[in-house]
S.K.: 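Okay, handing you the structure first.
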Protein chains: 2
Amino acid sequence: MAEVKGKTNKTPVEETVGSYMTPIRDTLEIFSGKWKIPIITALFFNGTCGFKDLERVVVGITPKMLSKELKDLEMNLLIDRTVEDTRSVTIRYSITEYGKTAKSVISELHSWGVKHRKKVFDIDDSTVMESCDTDEKDL
Amino acid sequence: MAEVKGKTNKTPVEETVGSYMTPIRDTLEIFSGKWKIPIITALFFNGTCGFKDLERVVVGITPKMLSKELKDLEMNLLIDRTVEDTRSVTIRYSITEYGKTAKSVISELHSWGVKHRKKVFDIDDSTVMESCDTDEKDL
DNA sequence: CATGGTGCTATACTTTAGTATACCGCTATA
DNA sequence: TATAGCGGTATACTAAAGTATAGCACCATG
């Protein structure tokens with residue numbers, strides 16, 4: 001029960017949990033940052049988009065960031081970039097089938113966030129709770 | 001079907017989705033960064049800890065970061081900082097009951113991350129899948 | 001009364017994320 | 001043949017996140 005002096009019975013997270021943290025870091029790396037989820041959401045809601053479409057739809061993003069984030073998302077197999085070889089080449093961005101699995105993550109982030117707002121900002125949440133639980137939309 | 005020239009039928013994310021993004025940003029703000037989840041996980045696995053305990057257990061963190069992150073997590077009601085007024089004052093950090101709701105988020109980040117690693121790195125995952133599905137530990 | 005543990009804070013620095021602004025080649029249209 | 005849209009890149013900057021290192025007041029133990 002008593003601790004040996006200077007040492008602890010606490011076990012280092014990395015050691016104990018081993019590979020537990022790594023996939024979490026992966027996921028966070030993919031979804032965190034200011035623009036990734038807005039872009040994914042835009043493609044979910046609007047379907048296939050061109051570059052300029054996304055620039056308009058993801059309000060406030062600069063072309064540099066958009067370009068970079070699209071590359072990242074493509075590398076992670078979440079979106080597709082297809083070149084249609086029409087006259088005046090058209091480029092189309094869309095979510096992959098695999099990308100659609102991101103839905104579970106995003107909706108968990110969303111629903112926890114909703115509850116958190118209630119916890120932090122609301123005083124009495126008993127009346128609002130039912131409208132919260134049914135809050136999940138298509139995405 | 002045809003687009004009006006120069007304009008798009010695409011709808012801006014912020015407008016369409018309205019308040020959809022805000023809680024997602026909240027959640028990401030709370031859980032992203034290099035140390036928040038390791039700290040939470042440490043408290044989940046080890047129970048109540050002191051500051052130096054956490055410094056040892058969350059391998060690599062500096063006292064400055066630890067101090068800052070603990071304040072953030074406390075502000076967000078996820079952890080408790082209690083001062084035990086023993087001789088030689090003891091300080092104990094622990095997860096709040098509310099903080100335990102973070103489990104759903106963290107385990108979603110984890111399980112998606114596991115699947116993602118398989119998708120990206122593995123060639124054939126049929127043999128490893130069963131050890132994956134039972135991979136969820138207590139947290 | 002030194003040594004070492006606890007719970008931090010302070011200062012200075014580097015690295016990463018994001019912004020601002022300009023510009024480019026190509027094509028389609030008036 | 002000018003104008004405007006498309007799909008971006010280039011350069012320079014600011015701000016936020018994280019690191020490195022030192023130190024301090026308090027207490028307990030030998």
Side-chain angles (χ1 to χ4, degrees), chain A residues 2-10 21 25 28-39 42-43 46 48-75 79-94, chain B residues 2-10 21 25 28-39 42-43 46 48-75 79-94:
Chain A
E3 292 186 12
V4 185
K5 62 176 172 186
K7 305 273 176 177
T8 330
N9 49 3
K10 311 296 177 189
M21 229 45 138
R25 281 202 239 275
L28 281 176
E29 216 171 280
I30 289 169
F31 293 103
S32 68
K34 196 171 174 184
W35 299 115
K36 305 258 176 61
I37 293 187
I39 290 168
L43 290 172
N46 293 297
T48 296
C49 291
F51 191 91
K52 291 284 184 193
D53 288 337
L54 286 169
E55 240 183 301
R56 276 183 291 266
V57 147
V58 180
V59 178
I61 198 169
T62 60
K64 184 189 175 182
M65 284 307 292
L66 181 54
S67 170
K68 190 216 152 208
E69 302 292 55
L70 287 172
K71 276 169 192 159
D72 285 1
L73 292 171
E74 201 194 342
M75 269 187 35
I79 65 170
D80 248 353
R81 179 183 185 274
T82 63
V83 182
E84 281 173 39
D85 198 6
T86 48
R87 276 288 142 189
S88 91
V89 172
T90 320
I91 308 228
R92 324 246 80 222
Y93 292 96
S94 59
Chain B
E3 293 187 9
V4 185
K5 61 174 172 186
K7 304 276 176 177
T8 330
N9 49 4
K10 312 295 178 189
M21 231 43 140
R25 281 202 239 274
L28 281 176
E29 216 170 283
I30 289 168
F31 292 102
S32 67
K34 195 172 175 183
W35 299 115
K36 304 260 175 61
I37 293 187
I39 291 169
L43 290 171
N46 292 297
T48 297
C49 292
F51 190 91
K52 289 286 184 195
D53 288 337
L54 286 170
E55 240 183 302
R56 277 184 289 266
V57 148
V58 180
V59 178
I61 198 168
T62 59
K64 184 190 174 180
M65 284 308 292
L66 181 54
S67 170
K68 190 215 151 209
E69 302 292 55
L70 286 171
K71 277 168 193 160
D72 286 1
L73 291 171
E74 202 193 341
M75 269 186 35
I79 66 170
D80 248 353
R81 178 184 185 273
T82 62
V83 182
E84 281 172 39
D85 198 4
T86 48
R87 278 288 141 188
S88 93
V89 173
T90 321
I91 306 223
R92 324 244 82 223
Y93 293 95
S94 59

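Per chain, numbering begins at 1; letters A, B, ... match sequence-line order. Just the heavy atoms: all of them, side chains too, but no hydrogens, waters or symmetry mates, feed the values below.
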S.K.: Supply the atom-to-atom distance B:Ile91 CD1 to B:Thr48 OG1, rounded to the nearest 0.5 angstrom.
M.R.: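 If we round to the nearest 0.5 Å, B:Ile91:CD1 and B:Thr48:OG1 are 13.0 Å apart.
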S.K.: Let's see if you can work this out: which of D:dG8, D:dC27, C:dC8 has an atom nearest to the side-chain heavy atoms of B:Ser88?
M.R.: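 When the side chain of B:Ser88 is considered, D:dC27 is the closest of D:dG8, D:dC27, C:dC8.
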S.K.: Kindly compute the distance separating CZ (B:Phe51) from OG1 (B:Thr90), expressed to the nearest 0.5 Å.
M.R.: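 OG1 of B:Thr90 is found 15.0 Å from CZ of B:Phe51.
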S.K.: When you match B:Lys64 and A:Glu69 each to their closest nucleotide on DNA chain C, which lands nearer the 5' end?
M.R.: B:Lys64
S.K.: Atom CG of B:Asp85 to atom C1' of C:dT6: distance rounded to whole Å?
M.R.: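 Distance check: B:Asp85 CG to C:dT6 C1' gives 15 Å.
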S.K.: Just to verify, which of B:Asp72, B:Leu70, B:Ile79 counts as forming a side chain to side chain contact (heavy atoms under 4.5 Å, CB included) with B:Ile39?
M.R.: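 It is B:Leu70, the one option of B:Asp72, B:Leu70, B:Ile79 that forms the side chain to side chain contact (heavy atoms under 4.5 Å, CB included) with B:Ile39.
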S.K.: Taking only the side-chain heavy atoms of A:Trp35 (C-beta and beyond), determine which of C:dG18, C:dC8, D:dG18 contains the nearest atom.
M.R.: C:dG18
S.K.: Students often get this wrong, so: under 4.0 angstrom with heavy atoms, is B:Lys68 touching a base, only sugar-phosphate, or nothing?
M.R.: nothing
S.K.: For the CG atom of B:Asp80 and the CG atom of B:Leu43, what is their distance to the nearest 0.5 Å?
M.R.: 10.5 Å
S.K.: By the 4.0 Å heavy-atom rule, please label B:Lys71 as base, sugar-phosphate, or nothing.
M.R.: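 Sugar-phosphate: the residue B:Lys71, judged by heavy atoms under 4.0 Å, touches backbone atoms but no base.
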S.K.: Can you see if the side chain of B:Lys34 gets near the phosphate of D:dT19 - specifically, an N or O under 4.0 Å from OP1 or OP2?
M.R.: yes
S.K.: Considering heavy-atom distances to DNA chain C, does A:Thr86 or A:Gly60 have its closest nucleotide positioned more toward the 5' end?
M.R.: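 Between the two, 5'-proximity favours A:Gly60.
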S.K.: Indicate whether OP1 or OP2 belonging to D:dG5 is found under 4.0 Å from a side-chain N or O atom of A:Arg56.
M.R.: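 No, outside the criterion.
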S.K.: Look at A:Tyr93 and D:dC6 and indicate whether a side-chain polar atom (N or O) is within less than 4.0 Å of OP1 or OP2.
M.R.: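 It does not, given that no N or O in the side chain of A:Tyr93 lies less than 4.0 Å from OP1 or OP2 of D:dC6.
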S.K.: Whole angstroms only, please: what is the CG-C1' distance between A:Leu66 and C:dA20?
M.R.: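 Whole-Å distance recorded here is 16 Å.
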S.K.: Given D:dG7, D:dT9, D:dG18, which nucleotide is nearest the side-chain atoms of B:Met65?
M.R.: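 The answer is D:dG18, which lies nearest to the side chain.
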S.K.: What is the distance from NZ of B:Lys36 to C1' of D:dG18, rounded to the nearest Å?
M.R.: 12 Å
S.K.: Is the phosphate of C:dC8 approached by B:Arg81 (side-chain N or O, under 4.0 Å from OP1 or OP2)?
M.R.: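 So the side-chain polar atoms of B:Arg81 do come within 4.0 Å of the phosphate oxygens OP1 or OP2 of C:dC8, strictly under.
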S.K.: Let me know, please, whether A:Val89 or B:Gly33 comes out on the 5' side of the other along DNA chain D by nearest nucleotide.
M.R.: A:Val89
S.K.: Using whole Å, what does the distance between atom C1' of nucleotide D:dA15 and atom CD of B:Glu29 come to?
M.R.: 15 Å
S.K.: So, OP1 or OP2 of C:dT9: does either fall under 4.0 Å of a side-chain N or O from B:Ser67?
M.R.: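 The answer is yes; a side-chain N or O of B:Ser67 sits under 4.0 Å from OP1 or OP2.
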S.K.: Quick one: do A:Lys52 and A:Glu55 make a salt bridge, cutoff under 4.0 Å?
M.R.: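 Here A:Lys52 pairs with A:Glu55 in a salt bridge, since their nearest N and O are under 4.0 Å apart.
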S.K.: Measure from the side chain of A:Arg87, starting at C-beta and using heavy atoms only, and say which of D:dT19, D:dG8, C:dT27 lies closest.
M.R.: C:dT27
S.K.: Could you check how far CZ of B:Phe51 sits from C1' of D:dC24, rounded to whole Å?
M.R.: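 It works out to 14 Å between those atoms.
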S.K.: When you measure from the side chain of B:Ser32 to the backbone N and O of B:Leu28, does any donor-acceptor pair fall under 3.5 Å?
M.R.: yes
S.K.: Could you check how far CD1 of B:Ile61 sits from P of C:dT9, rounded to whole Å?
M.R.: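 Nearest whole value for this atom pair: 13 Å.
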S.K.: Over how many whole Å does the gap from A:Ile91 atom CD1 to D:dC6 atom C1' extend?
M.R.: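 Rounded to the whole Å, the gap is 9 Å.
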S.K.: Between A:Lys52 (NZ) and C:dA28 (P), how many Å, whole number?
M.R.: 17 Å
